[in-house]
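Every number for a ligand or one of its atoms is a count from 1 in the order of the listing.
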Amino acid sequence: MSAPAASLSVDTTAPAIRVVGVTKVFGTVPVLRGISFDLERGKVLSIIGASGSGKSTLLRCLNYLERPTSGEIWIDGEQINPAQIARVRAEVGMVFQQFNLWPHMTVAQNVMEALLRVRKLPITEARARAEHYLAKVNMLEAGARYPAKLSGGQQQRVAIARALAMEPQIMLFDEATSSLDPELTSEVLDVMRGLATDGMTMVVVTHEMGFARDVSDRVMFLHQGVIEEDGAPALVFSHPASERCRQFLSKYLG
Ligand code: ADP
Ligand code: MG
């Protein structure tokens with residue numbers, strides 16, 4: 001039987017994400033050079049590594065914002081191909097460093113937009129769902145405001161609510177706090193921590209080593225498009241096998 005068109009069939013025994021031998025070449029430059037890993041459902045994976053190591057490209061491959069040059073991506077037990085991009089996007093939500101809210105729409109309209117246009121929900125249902133997820137990120141009161149009137153931390157929380165409102169199976173975060181002042185960073189990290197506690201499967205590219213250490217089940221260090229280190233945070237942060245990972249961490253941890 002084929003899966004319903006609106007979503008991937010969810011095989012609950014399969015890993016949430018399976019990446020097999022993924023490469024990505026831009027022009028002649030290999031950016032991902034054979035990435036393979038499985039991520040179990042409900043786990044939080046943090047990806048760390050220097051600028052240019054391929055972290056964003058890997059995340060973008062996971063929801064097909066980039067098409068891998070070779071290799072396989074499986075989501076919830078189903079291999080992804082270009083014909084399924086819309087379905088993947090429905091299952092895999094993504095939050096970016098730049099919040100990308102629509103400036104001409106209120107907070108509530110930002111969250112409702114894809115529910116109306118993509119999910120084709122009736123407006124009352126879209127509004128109720130938007131309110132539910134805005135409440136989850138502590139932004140319910142801001143529904144009638146415009147993004148320009150909000151702090152960066154508030155805007156990012158709205159962007160998270162917008163992604164959550166699509167009710168994805170997996171959430172990807174690409175340096176979601178990197179453009180925020182420290183006091184605004186913590187309010188966004190608190191929301192992400194809450195999602196992790198609720199059991200959301202998450203892949204988090206971050207420079208917040210405290211978050212990576214305390215919240216994730218697993219930490220991966222990328223170097224020049226290769227996974228150099230992959231393990232439990234306690235192990236990676238205290239006894240990295242890779243010398244490069246050790247050097248990278250020493251810059252952050254002092
Ligand atoms: P990171 O997120 O770890 O900083 P990226 O995945 O953004 O790394 O980039 C890895 C490498 O790929 C960099 O050298 C970057 O310049 C290059 N790159 C990323 N996107 C593109 C693109 N669309 N075209 C060409 N090169 C790209
Ligand atoms: Mg990046």
Undergrad: Could you work out, with salt bridge (charged side-chain N to carboxylate O under 4.0 Å, His left out) as the rule, every residue matching R60, not counting sequence neighbours?
TA: E66

Undergrad: Would D76 and R41 pass as an ion pair if we require N to O under 4.0 Å?
TA: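 Answer for the salt bridge query: yes.
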
Undergrad: Take atom CZ in R129; do more than 12 heavy atoms of anything else shown fall under 6.0 Å from it?
TA: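 Buried by this count: over 12 neighbours within 6.0 Å.
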
Undergrad: Kindly confirm or rule out a cation-pi arrangement of K251 over F248, judged by NZ or CZ under 6.0 Å from the six-membered ring centre and within 45° of its axis?
TA: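 No, K251 does not lie over the aromatic ring of F248.
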
Undergrad: Counting N and O atoms only, with roles assigned by atom type, does the side chain of T23 sit under 3.5 Å from a partner on the main chain of S70, one being a donor and the other an acceptor?
TA: yes

Undergrad: With K136, which residues qualify under salt bridge (charged side-chain N to carboxylate O under 4.0 Å, His left out), at least two apart?
TA: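 D198.
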
Undergrad: Give a yes-or-no answer on whether the side chains of S46 and S216 include a donor-acceptor pair shorter than 3.5 Å.
TA: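 Side chains of S46 and S216: pair found under 3.5 Å.
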
Undergrad: Could you pull out the N/O/S protein atoms under 2.8 Å of the Mg ion (ligand 2), ignoring any water?
TA: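 The answer is S56 OG.
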
Undergrad: I'd like the contact residues of ligand 1, where contact means a heavy atom below 4.0 Å.
TA: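 The 4.0 Å shell around ligand 1 contains F26, V31, A50, S51, G52, S53, G54, K55, S56, T57.
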
Undergrad: Using a 6.0 Å cut-off, check whether atom CG of D230 has over 12 heavy atoms from anything other than its own residue.
TA: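 Yes - once you tally the heavy atoms of other residues, nucleotides and ligands closer than 6.0 Å, there are more than 12.
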
Undergrad: Please identify which of these residues, E91, E78, R89, meets the side-chain hydrogen bond (donor to acceptor under 3.5 Å, both in side chains) condition with Q84.
TA: E78

